Each structure stands twice: as C-alpha cells, then as structure tokens.
There are 2 protein chains.
Amino acid sequence: MTNKISIKDIAKIANVSIATVSNVINGTGRVSAETAAKVKKVIQELQFVPSASARSLKDKNSHLIAIVVPFIEKGILQDNPFYWELVRGVESGARNHEVQVILLGISEAEDFSFVKGRHLDGLIVVGVYQHSEAFRKIKSIGIPCVFLDSYLSDSSLYQVELDDEAGGYLATKHLIGLGHRDIAVLTGKMEQSGVISCRYQGYLRALREAGISESPDYILQADSSVHGGYQAAQKLGSLADRISAIFALSDVSAMGLIRGLHDLGLRVPEDISVVGFDDIFYTKYMIPSLTTIQQDIVNKGQEAVKMLLDQINGTQSPLKKAVLPVSLVVRQSTSAPKKI
Amino acid sequence: MTNKISIKDIAKIANVSIATVSNVINGTGRVSAETAAKVKKVIQELQFVPSASARSLKDKNSHLIAIVVPFIEKGILQDNPFYWELVRGVESGARNHEVQVILLGISEAEDFSFVKGRHLDGLIVVGVYQHSEAFRKIKSIGIPCVFLDSYLSDSSLYQVELDDEAGGYLATKHLIGLGHRDIAVLTGKMEQSGVISCRYQGYLRALREAGISESPDYILQADSSVHGGYQAAQKLGSLADRISAIFALSDVSAMGLIRGLHDLGLRVPEDISVVGFDDIFYTKYMIPSLTTIQQDIVNKGQEAVKMLLDQINGTQSPLKKAVLPVSLVVRQSTSAPKKI
DNA sequence: CTGAAAGCGCTTACAG
DNA sequence: CTGAAAGCGCTTACAG
C-alpha cells in the first residue's frame with residue numbers, strides 16, 4: 001500500500017535503466033540534462049522515495065544516530081527537563097543534515113547490539129562515567145561517538161562539555177562577594193560524575209581564593225532531582241543555623257531545596273541564599289527567581305551533533321573537545337547574609 | 001571494522017547453510033536441537049547481530065516507530081517538559097518490545113518522505129489538529145498511527161486522549177466549591193486545539209451547573225508556555241479586581257501566571273486562586289504548590305505505544321480510543337476568596 | 001531436518 | 001551518456 005514502487009518502476013516508466021535512475025537521484029555519474037529531467041518528473045509524479053534499508057545495506061551507513069541517555073531507574077529516563085532541552089538541540093541539529101535521531105535510554109545491562117544491527121552512523125552519549133560498564137561497551141562498538149558532559153580522560157575521544165569548574169567558581173564567588181562565608185554545597189553523587197565534581201572543584205577554588213577553609217559537613221549529598229533537593233533541606237538539621245548560603249549543583253535540586261527550606265520556615269534569600277546551576281526553563285519565573293549558572297543546553301546538543309557529523313563525514317576539525325561557556329545570572333534567590 | 005560478519009560467516013563456521021542460520025536466529029523452520037546449539041554457539045562467540053537493513057528490506061517492517069511532535073517555531077521543539085514526560089513514556093513502552101523510537105519534530109512544511117523511506121512501522125502523533133496540513137499528510141501515508149491529544153472526529157483512527165472535559169469541570173468546580181464566582185480562564189489558542197477547547201467546555205459546564213453565567217472578558221488568551229502565562233498576568237489590567245480565581249489550562253502557563261501575579265503585587269491564593277492542568281514534575285514543589293488536574297503523562301505515552309504495536313501486530317483490541325482519567329490535586333494555590 | 005536459490009531495492013564498478 | 005550485472009545480508013518458499 002505504501003512504498004510499493006521502487007527504482008525499477010521509475011526506470012520502466014522513464015524508459016531508462018535503474019542505474020540511471022540511481023544516478024539521477026544521487027547526482028552521481030553523468031546523466032544528460034534531458035534524461036535527468038525526465039526521470040525526476042516520474043519520481044515526482046509517483047512520489048517515489050528511495051528505500052533507506054536498501055541503501056543502508058549497500059552503503060553501510062544509515063543516516064541514523066542515537067542519543068544515549070542513562071536511565072534514572074529501571075527503564076525510565078530521568079525526569080530532569082535538562083534532558084529534554086538537550087534532546088531538542090540534538091533533534092534540531094540533526095534535522096538540518098537529514099539525519100534521524102533515535103532516543104535510547106540505557107541501563108548498565110544494555111548490550112548495544114542494536115547499534116550494530118542498525119548500522120547506526122554514530123552515537124551521542126550523555127553523562128557516562130570513565131569506569132562504567134556502559135562506557136566500556138560503547139567504546140568497544142567502534143563507531144563514531146561524541147560524549148556529552150562525561151569528562152573522559154582519553155583525549156582521542158570527541159567530547160562536548162561545559163566549563164563546569166568555572167561555573168562552580170562563579171557561583172561561589174558571587175556568594176562570597178555578597179558577604180557569605182559559610183556556604184554549603186548540595187551535590188549529587190560525587191564519585192560518579194565528572195560534572196558534579198568539577199563544579200565542586202570550582203566551589204573549592206573560590207573558597208580558597210577568599211581564604212575560607214572548607215568544611216566537610218557543609219557538603220550535602222542528594223539525588224540531582226527536585227525531590228533530592230527537598231530531602232536535603234529536611235536533613236539540614238542544626239546546619240541551618242551555621243550556614244548562610246547553599247550552592248546547589250543543579251537547578252532541579254535547587255528548586256526542591258528552596259521548597260524544603262520554605263517548609264522549614266527559612267526564607268530565601270533573607271535567611272539563606274541559594275544558587276543553582278543550568279538555568280533551565282523555569283528558573284526565571286520561580287518565586288524567588290533563581291540566581292544560577294547559565295548554560296545554553298539546546299546549543300550544547302546542536303554542538304554535539306555537529307561534531308558527530310563532522311566526524312562521520314571525515315570533515316572533522318582537529319579539535320576533539322568543545323568546552324562551552326557559562327555565565328552567572330543574578331536573580332532574587334541570593335542576597336547579603338543577615339547580620340547576626 | 002564493526003559489523004563485517006554476516007550470516008554467511010556464521011554458516012561457514014558452523015558448517016551449515018545460511019538458511020539454517022536464519023532459522024535458528026528466528027526460531028522458524030525445523031532445526032535439530034544439536035544444530036541449533038552449534039549455530040548459537042558460533043553466533044555467541046562472534047557476537048553476531050543480524051543486519052536490520054537487510055531484514056527490513058525483506059520484511060517491509062523496520063521495528064522503528066517515530067514520535068511526531070509539533071514544533072513551537074522554526075525547527076525547535078516546544079520547551080514544555082510535558083513532552084519530555086511523554087517521550088519518556090514512549091521510550092519505555094517501546095523498549096519492552098524491541099522497537100526503537102525516532103524523535104521527529106515537524107512543521108507544517110514537513111513532507112514525511114522519510115517515513116516511507118525508512119519503512120517506519122508506525123507513528124505516534126502528538127497534538128495535530130483536524131484541519132491541519134500535517135494531519136492530512138500523515139493520514140495519506142497510510143501506515144499505522146496513534147494520535148495523542150488530537151481529538152480527531154474520524155472514529156476509525158486510533159487515539160489516546162485525556163478526559164480533558166472532566167478535568168476542566170473538576171478544576172472549576174473546586175473553585176466554585178471554595179466560593180469563587182468570578183473565575184477567569186487562561187487558555188491557549190482555542191480554535192487550534194481540541195485539548196484546550198475540551199478543558200474549556202468543562203469549565204463552562206461547571207459554571208452552568210452552579211448557575212454562574214460566563215463572561216467573555218474572563219477569557220485570557222496566551223501561549224501555552226511559562227512566558228505566555230506571565231504575559232497574561234501583565235495584561236490583566238482592571239480585570240484583576242473583578243476576578244478571584246484563574247483556571248490555567250496548562251501547568252506551564254499557571255507557573256508563569258503566578259509569577260506574573262506576584263510581580264503585580266497580587267498574592268496567590270490570598271488575592272487570587274490559581275488552578276493548573278497536567279501536574280508536571282515541579283508543581284508539588286512550587287511556592288505556593290499548585291492545585292492542578294493530574295494526569296499520568298508517562299503512562300499516556302506507554303499506552304500509545306501499546307496501542308500502536310497492537311495495531312501493527314494485528315493483535316488490536318476492538319477499541320480504538322483510550323480516554324485516560326484525570327483527578328484533582330488540591331494544594332496551596334487555591335483557597336476561599338477574600339470577603340470583600 | 002537441511003540446503004540451494006531467488007529476490008527485497010538499492011549502488012557501483014565496468015562496458016559500451 | 002547509458003545499461004547489464006553483481007552484490008550488500010537477509011528470509012522464504014521449495015526440494016530433498
């Protein structure tokens with residue numbers, strides 16, 4: 001019913017060989033303008049679209065890439081809207097190059113066999129860890145990859161990341177500049193993620209620079225999620241009296257944190273200042289609006305596609321690593337600490 | 001480098017024909033346990049994965065579906081996290097059936113040629129309108145489709161939607177029950193979307209039931225986005241004094257609206273109550289937390305995949321339309337109106 | 001139970 | 001400039 005027509009039908013109707021039809025479609029070989037026009041007309045009339053599977057069977061490339069995103073838990077992708085912005089960027093980048101994007105959530109058990117089976121042209125991999133099983137498997141597939149936010153030490157890998165350290169530094173310096181000295185940091189699982197630990201390093205650098213010594217008990221650890229942020233507030237306990245600011249290493253956790261503080265009767269920023277990280281879509285409209293480190297997530301996705309396609313097409317530039325900039329956006333969730 | 005090995009190599013090593021290898025892989029035909037074991041062993045050792053393109057070339061099905069989402073504007077998908085939740089649902093539903101999901105953003109200019117080219121097994125289409133060009137084109141492709149939130153009148157189409165009317169009714173009734181009588185409604189573009197207009201119908205029904213007559217000037221129209229909601233508040237003008245509650249037909253617009261009201265010096269819920277719709281991930285943590293109409297978005301995506309796969313595999317049940325339930329979640333953004 | 005062969009729809013040398 | 005033919009990696013009748 002759908003795609004019954006093939007290159008053969010076109011050839012028959014246009015009175016040429018299938019080779020010629022193929023040449024016309026691909027602009028390859030030498031075809032007279034006249035023949036080309038004739039063939040194109042027939043293609044147009046029959047609304048013929050070449051079979052991607054037949055092509056891919058010959059070419060060995062599929063014009064298909066996948067964006068690989070880690071699962072938060074059994075079979076369900078993270079609910080952080082950050083991923084959606086990234087995916088939007090990838091989609092828009094790919095569509096300009098006639099490449100389609102498969103969305104793939106993975107667990108550690110993923111075997112990636114379908115990547116081979118489908119002859120995927122390449123992979124955009126979000127947030128894998130150096131020592132993870134997933135990373136090992138992905139590398140062993142041997143197809144073009146771009147790693148996002150992954151901080152892999154192997155410099156032969158293509159990577160797109162953010163200047164997370166600078167972001168951590170800027171956020172902390174902002175708080176210090178306002179007069180804060182007792183600044184807690186709300187992190188995700190540190191060991192697992194280069195992103196988190198780089199932001200944390202930036203935090204430490206700002207502290208050092210200001211001559212403030214770090215306190216291990218100022219580290220709050222929780223899931224990078226709204227709920228995680230909320231729980232962190234609940235577990236604050238007596239720490240609440242000793243700190244005047246919290247740097248949350250992601251906006252989603254800052255969002256939950258602020259609500260948690262609110263439920264504790266603590267006002268932001270009057271009692272405690274909060275800085276986030278990412279500048280996701282809603283931060284500007286929160287009450288109070290969130291001071292945060294801004295990154296262009298959509299652009300990050302687009303950049304990753306570009307790098308991947310350059311790699312696939314062999315038009316790659318020598319640089320294998322793109323580090324995207326961050327900036328501080330000051331809003332209402334931060335202010336000078338109360339005088340005590 | 002990657003997938004050089006084929007069924008032929010397996011056949012050679014296992015000392016059988018390629019037909020036998022194929023039969024072993026697919027569990028078709030009759031193969032002795034012994035041969036099967038031998039072949040399986042070789043497949044295992046060589047980590048052989050059959051070529052999806054070769055299969056699809058024969059079968060005419062690709063085990064590939066697409067989720068089709070409208071663009072908000074030139075080449076960029078909507079930033080509403082609602083879509084992310086939907087996509088997550090679709091991904092998880094598909095992965096259980098060894099089907100991969102392509103993400104496709106479309107504009108009215110989309111020609112869907114790649115759907116034919118790739119032999120997609122089916123499409124999950126989100127939010128198209130009865131009279132749109134996109135809908136016409138999609139129908140003409142002639143492949144299995146499930147339409148989400150589309151309110152298409154053609155009853156031969158498979159559709160998954162929400163009981164939007166009931167949601168609108170519940171939300172409004174809740175406000176009326178609190179004592180509100182002057183209830184504005186914040187809508188998206190009415191004519192374009194069945195979803196919006198059904199929610200609005202529910203609003204009207206609740207008003208009628210309570211003997212409250214509708215006022216045309218209580219309709220606030222804005223983009224279904226955070227920014228749209230914010231703008232709506234800015235344009236409120238003198239209306240602010242005449243109403244005591246606003247029913248926003250989406251959470252994102254409610255989120256912007258509340259911020260907008262805040263900037264106007266209006267408190268929620270003390271001065272104006274606000275109800276949202278969708279119950280997206282953050283509503284519970286907002287300050288004030290948002291009273292809203294809850295739907296299970298992830299489940300909606302899963303439901304759509306299930307219906308699509310049933311249709312593709314011919315195991316479809318007679319019902320072509322699934323209407324998912326809604327419920328009211330009362331939180332802090334609504335209260336009784338002030339006595340005047 | 002097993003294999004030889006045709007064919008899915010393309011592309012790509014290779015002749016002419 | 002154009003066409004005949006091989007081959008990509010599978011599946012599927014059809015023999016045996």
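Side chains included, hydrogens not; waters and symmetry mates left out as well; all remaining heavy atoms used. In the text below, chain A, chain B and the rest are named by the order of the sequence lines, each starting its count at 1. Everything numeric here is computed off the predicted structure, so don't read it as measured data.
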Whole-Å distance between [N] [atom2] and [X] [atom1]?
X: A:Lys116; N: D:dG9; atom1: NZ; atom2: P; value: 13 Å
X: A:Ile10; N: C:dG9; atom1: CD1; atom2: C1'; value: 12 Å
X: A:Arg30; N: C:dG16; atom1: CZ; atom2: C1'; value: 15 Å
X: A:Ile5; N: C:dC8; atom1: CD1; atom2: C1'; value: 16 Å
X: B:Asp9; N: D:dG7; atom1: CG; atom2: P; value: 15 Å
X: A:Lys12; N: D:dA4; atom1: NZ; atom2: P; value: 13 Å
X: B:Asn61; N: D:dT11; atom1: CG; atom2: P; value: 11 Å
X: B:Asn15; N: C:dT2; atom1: CG; atom2: P; value: 12 Å

Report yes if a side-chain nitrogen or oxygen of [X] is closer than 4.0 Å to either non-bridging phosphate oxygen (OP1 or OP2) of [N]; otherwise report no.
X: B:Lys8; N: D:dC8; value: yes
X: A:Ser53; N: C:dC10; value: no
X: B:Thr20; N: C:dT2; value: no
X: A:Lys58; N: D:dG9; value: no
X: B:Asn26; N: D:dT11; value: yes
X: B:Ser22; N: D:dT11; value: yes
X: A:Lys60; N: C:dT11; value: no
X: B:Ser17; N: C:dG3; value: yes
X: A:Arg55; N: C:dG9; value: no

What does B:Ile18 touch in the nucleic acid at a heavy-atom separation under 4.0 angstrom: a base, only the sugar-phosphate, or nothing?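 Here B:Ile18 touches the bases of the nucleic acid.
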Need one value for B:Ser56: base, sugar-phosphate or nothing, where a base atom within 4.0 Å counts as base even if backbone is also close, heavy atoms only.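 Nothing, no nucleic acid heavy atom in range.
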Any salt bridge linking A:Glu45 with A:Lys41? Criterion: basic side-chain nitrogen under 4.0 Å from a carboxylate oxygen.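 A:Lys41 and A:Glu45: salt-bridged.
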Complementary nucleotide for D:dA13 - Watson-Crick or wobble, under 3.5 Å: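 Base-paired to nothing in any strand shown.
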Which base sits across from C:dA4 as a Watson-Crick or G-U pair, both distances under 3.5 Å?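 Partner of C:dA4: none.
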Which sits closer to the 5' end of DNA chain C, B:Val16 or B:Ala54, going by the nucleotide each is nearest to?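 Result of the comparison: B:Val16.
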Test A:Leu120 against every option in A:Ile141, A:Leu104, A:Ile102 by the side chain to side chain contact (heavy atoms under 4.5 Å, CB included) rule and name the one that passes.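 Checked A:Ile141, A:Leu104, A:Ile102 against A:Leu120; only one passes side chain to side chain contact (heavy atoms under 4.5 Å, CB included): A:Ile102.
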Nearest heavy-atom pair of A:Cys145 and A:Gln311: which atoms, and what distance?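 So the two residues come closest at O-NE2, 3.1 Å.
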Under the 3.5 angstrom rule, does the side chain of A:Glu110 hit a backbone N or O of A:Ala134 as a donor-acceptor pair?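 Such a contact is absent between A:Glu110 side chain and A:Ala134 backbone.
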Is the backbone N or O of A:Asn61 less than 3.5 Å from a side-chain atom of A:Asp59, with the two atoms forming a donor-acceptor pair by type?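 Not confirmed, A:Asp59 side chain does not pair with A:Asn61 backbone.
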Most 5' of B:Leu57 and B:Ala19 on DNA chain D, judged by nearest nucleotide: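 The residue closer to the strand's 5' end, by nearest nucleotide, is B:Leu57.
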Nearest 0.5 Å, please: how far is CD1 in A:Ile25 from CZ in A:Phe48?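 Here the rounded value is 4.5 Å.
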